[in-house]
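Worksheet: the structure to be examined is printed underneath.
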Amino acid sequence: MQNLVDTSDLSEQQIQNILTDAKSFKQQLPTALLRDKLLITLFFENSTRTRSSFEVAAKRLGAMVVHLDPSRSSTNKGESLHDTFENLCAMEPDGVIIRHEYNNTPRKLADKGLTSILNAGAGNYAHPTQALLDYFTMVEHFGDVRGKTIAIVGDVVSSRVASSGIRLFVRMGMRVVLVAPGPFMPDNDLEKFEHLEEIIDEVDIIMSLRAQLERHKAPIFEDYDEYAREYCINKERLGERDVLLLHPGPVMRNIDISDEMLEDPRCKVLEQVKNGVFVRMAILKCLLLDA
Ligand code: ASP
């Protein structure tokens, strides 16, 4: 039984296989490879893209998907997460797709060894399927991304997309630089810049991030229009540079990325969403069939 708590759970070979399978699924949808498999989704935090993307991916492969909405479950009657999880596992699913506010929840559940755990976002620690679909989108565009420079711009310290992305991109030989105001900057060994202008001429990819207001204990900035004047990715800032623009969504329009840039062909936000389905199909195949 294999889990995906973070991308470090995958070997280099498995990552390559996921890219290859996702590419071929994008060209031609496969037959129902996961017929008879049952997946349960358990999302303790809001989700638009990730939950529906997992569901579409699973159904495209012929699997059954059951959603448990924790806000209407016995969690509300005081049942612990661990008991809820063990009860769901008694129904013998092939995998549980979980999103939770705590960084270590997916690992703790995986350690029980009851079913495959697929981490759909945990605290500010990991969002491995997002990292893989972002990586796929970059490889699809550039071919080889080894040595390419990606600037991650925005609320890096609170972002699980950034944490998982950084670990995967560095492992795959990319140069990762961070651009953020002090309160949004994590403490790590990566190159750091306060202003995008300082590094933009060396950048191949920009990943813009939303301010994770729900994770801030107290408001960090009073005025996000002021923040946007420095960090919003707009045409003025990007010019004619040949840069790929990514964002995991939800995009805060004109704070993270301008309306105009969202329409620009360099912006791959919807392509990321499209690729997310194929990458999650490949991940499900990898975990539930190949492993
Ligand atoms: N959708 C991503 C996440 O769940 C990014 C975000 O919410 O800003 O972390």
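From a predicted model like this one, the values you see are computed outputs, not experimental measurements. Numbering of ligands and ligand atoms starts at 1, following listing order. Excluded from the calculations below are hydrogen atoms, water molecules and symmetry mates; all remaining heavy atoms, backbone and side chain alike, are included.
Each of the following atoms of ligand 1 lies closer than 4.0 Å to a heavy atom of Q212: 6 (C), 8 (O). Shown in contact with R210 at under 4.0 Å from a heavy atom are these atoms of ligand 1, numbered in order with element: 6 (C), 7 (O), 8 (O). Contact atoms of ligand 1 toward R99: 4 (O) (distance under 4.0 Å to a heavy atom of the residue). Atoms of ligand 1 found under 4.0 Å from any heavy atom of R160 (numbered from 1 in listed order, with element): 3 (C), 4 (O), 9 (O).
Looking only at atom types and distance, the side chain of E202 has no donor-acceptor partner in the side chain of T149 under 3.5 Å away. The closest side-chain donor-acceptor pair between Q2 and D9, if any, does not fall under 3.5 angstrom.
Looking from atom 5 (C) of ligand 1 to the surrounding protein, the closest heavy atom is G249 O, 3.2 Å.
Applying the side-chain contact (heavy atoms from CB on, under 4.5 Å) rule to K112 yields the partners H82, F85, E86, L109, L114; only residues at least two apart in sequence or on another chain are considered.
In terms of polar-atom proximity, defined here as any N/O pair under 3.5 Å, V161 makes no such contact with ligand 1.
With contacts defined as side-chain heavy-atom distances shorter than 4.5 Å, the pair M261/L238 qualifies.
Between F184 and Y224, the angle of the ring planes stays under 30°, which puts this pair in the parallel group of the 30/60° scheme.
Ligand 1 has at least one atom lying under 4.0 Å from a heavy atom of P250.
At a heavy-atom cutoff of 4.0 Å, ligand 1 is contacted by no atom of E45, backbone or side chain.
Atom CG of D259 has more than 12 heavy atoms from other residues, nucleotides or ligands within 6.0 Å.
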